[in-house]
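See structure below.
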Amino acid sequence: MRRASQRAAIAELMPISGTLDVATLLEDAPVMDGYGAEPWAIAGVETLQVAFEIDERAMPGPLPPALHPTIPPTLMISVTRYPESPVGPFTLAQARLGCRAAALPRGFLLRACVDSQMAADALGHNWGYRCAVGVVRVQRYHDRITGSAHTDGVEILRASLIDPTPISGGDIQYVANMNLARVRGEDGGALIQVDPEYTFHRAERGRPELTAFDRAAWRADGVDPVWPIVASFTTCDSGFPRIRFVLDPLRPAVAGTRRVDGG
């Protein structure tokens with residue numbers, strides 16, 4: 001009896017792992033030729049991000065087994081305007097689930113939406129972003145900053161920062177992406193870690209508001225944002241980095257992470 005109770009106590013302390021059926025999601029995942037994409041360094045990047053706690057009953061279903069949900073579970077929505085890039089200017093919206101790879105905070109990409117087909121192709125091929133193409137905007141008003149996305153004439157996202165207040169860029173922490181993709185010559189897919197650096201020039205914080213969030217469009221079935229956490233808006237120098245780490249989506253991160261050299 002004592003050993004049984006000890007095993008039960010240990011089991012309660014073990015981290016919860018995702019239970020996502022990765023094979024189904026890989027059927028139409030982005031296809032990458034490898035991990036050798038050249039980095040993009042982009043100045044003057046503007047990012048609106050809102051964060052919400054989500055109903056814990058959704059977890060751990062939307063995450064692959066390599067990742068662990070945060071406690072409490074969270075949804076991060078961002079809309080980022082890139083004023084320049086090798087494929088021209090574009091604006092990118094993302095919906096990500098807060099998670100951990102081993103002990104490291106990360107954001108698992110559910111889906112993205114971008115306003116340029118060339119950007120969608122490049123981001124998918126080089127960094128594993130699952131992108132729809134639509135109309136994506138960041139707009140500033142007297143009392144708020146709003147990010148929105150439309151596909152096929154339907155609004156699928158409207159998120160706002162209410163009453164922006166200036167803060168230090170040192171108060172901002174953006175977590176790295178985990179993007180599920182297929183890689184030519186490899187079986188089972190891979191989680192691509194996208195971890196750009198940031199040099200902040202301006203930062204603001206305020207109350208988050210989410211007035212439109214089409215769960216089907218973002219592949220977020222069952223993800224219910226129930227409690228606002230924080231919203232931020234920044235201007236920084238950033239971009240898309242050289243890929244350094246990839247993970248086996250079916251193995252714990254401590255065993256399934258490997259470093260790549262970009263070749």
Side-chain angles (χ1 to χ4, degrees), residues 8 11-26 29 47-80 92-113 129-132 144-151 154-163 172-180 191 205-233 247 249-250 252-253:
E12 289 180 358
L13 296 174
M14 295 293 288
I16 301 170
S17 296
T19 58
L20 178 69
D21 182 356
V22 172
T24 300
L25 204 59
L26 283 172
T47 298
L48 168 69
Q49 179 168 282
V50 300
F52 284 78
E53 290 185 19
I54 61 176
D55 191 327
E56 63 183 10
R57 290 174 294 183
M59 289 296 174
L63 292 174
L67 303 176
H68 313 294
T70 57
I71 301 175
T74 57
L75 172 70
M76 297 173 287
I77 294 172
S78 62
V79 185
T80 304
L92 174 72
Q94 300 183 68
R96 301 182 300 157
L97 290 176
C99 60
R100 291 188 179 274
L104 301 174
R106 297 289 184 258
F108 176 64
L109 179 67
L110 296 172
R111 201 174 196 191
C113 184
Y129 282 82
R130 183 189 298 268
C131 288
R144 69 189 59 208
I145 304 165
T146 297
S148 62
H150 293 72
T151 57
V154 177
E155 186 174 61
I156 62 171
L157 175 68
R158 181 165 294 270
S160 299
L161 181 160
I162 309 299
D163 295 332
I172 301 293
Q173 181 182 18
Y174 292 140
V175 299
N177 267 45
M178 287 293 175
N179 299 341
L180 183 66
L191 286 169
R205 182 169 55 201
R207 176 169 58 86
E209 181 180 79
L210 188 61
T211 53
F213 181 61
D214 186 327
R215 291 164 181 76
W218 295 102
R219 299 201 171 191
D221 291 343
V223 176
D224 186 17
V226 294
W227 192 260
I229 301 174
V230 70
S232 63
F233 182 78
L247 284 71
L250 299 178

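Just the heavy atoms: all of them, side chains too, but no hydrogens, waters or symmetry mates, feed the values below. This one's a predicted model, so the numbers in the text were calculated from it and none came from an experiment.
- With values rounded to the nearest 0.5 angstrom, L109 atom CG is found 9.5 Å from L180 atom CG.
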Full working for side-chain contact (heavy atoms from CB on, under 4.5 Å) between I172 and S232: CA-CA 8 Å; I172 301 293; S232 63; 3.7 Å; yes
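- Side chain of R205 to backbone of A231: no donor-acceptor contact under 3.5 angstrom is found.
- Interatomic distance, L20 CG to L67 CG, rounded to the nearest 0.5 Å: 9.5 Å.
- With values rounded to the nearest 0.5 angstrom, I229 atom CD1 is found 5.0 Å from E53 atom CD.
- Between P228 and P208, some side-chain heavy-atom pair lies under the 4.5 Å cut-off.
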Determine whether L92 and S78 satisfy the following criterion, side-chain contact (heavy atoms from CB on, under 4.5 Å), listing intermediate values before the conclusion. CA-CA 8 Å; L92 174 72; S78 62; over 6 Å; no
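- Nearest heavy atoms, A93 versus L157: CB-CD2, 4.2 Å.
- With a 4.5 Å cut-off on side-chain heavy atoms, V22 and L250 count as touching.
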Starting from the C-alpha separation in whole Å, work towards a yes-or-no answer on side-chain contact (heavy atoms from CB on, under 4.5 Å) for I156 and W218. CA-CA 8 Å; I156 62 171; W218 295 102; 3.7 Å; yes
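- R207 pairs by the side-chain hydrogen bond (donor to acceptor under 3.5 Å, both in side chains) definition with nothing, not counting sequence neighbours.
- The heavy-atom pair separating L48 from A159 by the smallest distance is CD2-O, 3.5 Å.
- Of the possible donor and acceptor atoms, one in the side chain of D214 sits under 3.5 Å from a partner among the backbone N and O of A216.
- Atom CZ of R130 sits about 7.5 Å away from atom CG of L26, to the nearest 0.5 Å.
- Side-chain contact check for L25 versus R219: some heavy-atom pair is nearer than 4.5 Å.
- Atom CD1 of I145 sits about 9.5 Å away from atom CD1 of I162, to the nearest 0.5 Å.
- Nearest heavy-atom pair, E56 versus P73, reported as atom, atom and distance to 0.1 Å: CA-CG, 3.7 Å.
- Taking the side chain as every heavy atom from C-beta outward, V226 and F52 never approach each other to under 4.5 Å.
- Pairing each heavy atom of L191 with each of P64, the nearest pair is CD1-CG, 4.1 Å.
- Residue L104 qualifies as enclosed at atom CG: its count of foreign heavy atoms under 6.0 Å is above 12.
- Listed by chain and residue number, E155 satisfy the salt bridge (Lys or Arg N to Asp or Glu O under 4.0 Å) test with R158 (two or more places apart in sequence, or in another chain).
- The closest donor-acceptor contact from the side chain of W227 to the backbone of D55 lies at 3.5 Å or more, if one exists at all.
- Taken from OG1 in T80 to CD in Q94, the straight-line distance is 6.5 Å, to the nearest 0.5 Å.
- Salt-bridge check for D224 with R57: failed, with every basic side-chain N at 4.0 Å or more from each acidic carboxylate O.
- Between M59 and L97 there is a side-chain heavy-atom pair separated by less than 4.5 Å.
- In terms of the ring-ring contact (aromatic ring centres under 6.0 Å, His included) criterion, F108 has no residue partners (sequence neighbours excluded).
- N177 and R96 are linked by a side-chain donor-acceptor pair at a separation below 3.5 angstrom, with hydrogens and angles left out of the test.
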Between S160 and V50, is a side-chain contact (heavy atoms from CB on, under 4.5 Å) present by the stated rule, with each step listed? CA-CA 7 Å; S160 299; V50 300; over 6 Å; no
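- Counting only distance, with no hydrogens or angles, the side chain of H68 and the backbone of I16 share a donor-acceptor pair below 3.5 Å.
- Closest approach of V223 and F213 over heavy atoms only: O-CE2, 4.3 Å.
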